[in-house]
Amino acid sequence: MLIVFIGPPGAGKGTQSKRMLSYLQIPHLSTGDLLREAKSQDTPLGRLAAQYMDRGRLVPDPLVLDMVGECLSRPQYAQGCMFDGFPRTLQQAKSLDESLAQRGTPLSLAVEMRADENELIGRMLKRAAAEKRVDDNPETIAQRMAVYNKQTAPLLDYYQKRGILTTIDALGTPDEVFARIKAVVDAKRKAG
Ligand code: B4P
């Protein structure tokens, strides 16, 4: 299975795809995690990415696409993958579709995690206190929300037209949200 998780910042894409990982036993590819790792290792990519991430802006498509392409060429991604935080722009979505078409493994499902913005801001401010992520401050969170609405939300229409979009309510406890996603994934697996 190849699944894309889409949702505004703080919707719980990372939280839920990590849970799904142990359920489905397919690898998880988080561009946010990969970029934060590059940043913490102070690689050239990490230094460049930090200039965008720390301001709540998207890292340019060519950098993200190179990084994802390198990952997807690894054997562990041959059978399936859960994409978390990727694609985030129409260009990323089209490019992903092209590379998956070349492999003959199209996306199975796009899961939109929808939630009230104020609730999500509250979650991220809570995380700010615990993890001290540079981009979890009120100004940068507002910028990330605006970027989501402008650059990423159009993907919902893109996947809707492809007939693979399902929307779930991302409010509630992590267990409740997981149960909703699991129901969608199970139905898709049953349908083949
Ligand atoms: P991401 O790492 O993708 O971060 P996110 O959208 O903020 O988080 P996510 O939705 O995964 O929320 P999480 O589970 O952590 O991106 C960070 C930055 O990287 C971007 O702004 C951008 O600059 C760059 N980037 C990444 N991918 C890119 C791409 N493809 N192209 C360009 N740039 C890219 O949950 C958030 C918090 O809520 C956590 O504290 C969690 O514990 C809590 N939580 C989760 N579920 C909950 C629930 N049900 N109830 C209560 N709390 C919950």
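In each ligand, atom 1 is the first atom listed, and ligand 1 is the first ligand listed.
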Using a 4.0 Å heavy-atom cut-off, which part of [X] comes near ligand 1: side chain, backbone, both, or neither?
| X | value |
| --- | --- |
| M113 | neither |
| L35 | side chain |
| R144 | side chain |

Give the residue, atom name and distance (to 0.1 Å) of the protein heavy atom nearest [atom].
| atom | result |
| --- | --- |
| atom 15 (O) of ligand 1 | R127 NH1, 2.6 Å |
| atom 42 (O) of ligand 1 | T15 OG1, 4.2 Å |
| atom 16 (O) of ligand 1 | R88 NH2, 3.2 Å |

Validation row: V184, R180 side chains within 4.5 angstrom (heavy atoms): no
[X] to ligand 1, any heavy atom closer than 4.0 Å:
| X | result |
| --- | --- |
| G56 | no |
| R57 | yes |
| R133 | yes |
| G172 | yes |

Proximal ligand 1 atoms for G32, defined as those under 4.0 Å from one of its heavy atoms: 2 (O), 26 (C), 27 (N)
Interfacing atoms of ligand 1 (cut-off 4.0 Å, heavy-atom, M53): 19 (O), 23 (O), 24 (C)
Best match, R123, E176, K126, Q16: closest heavy atom to atom 46 (N) of ligand 1: R123
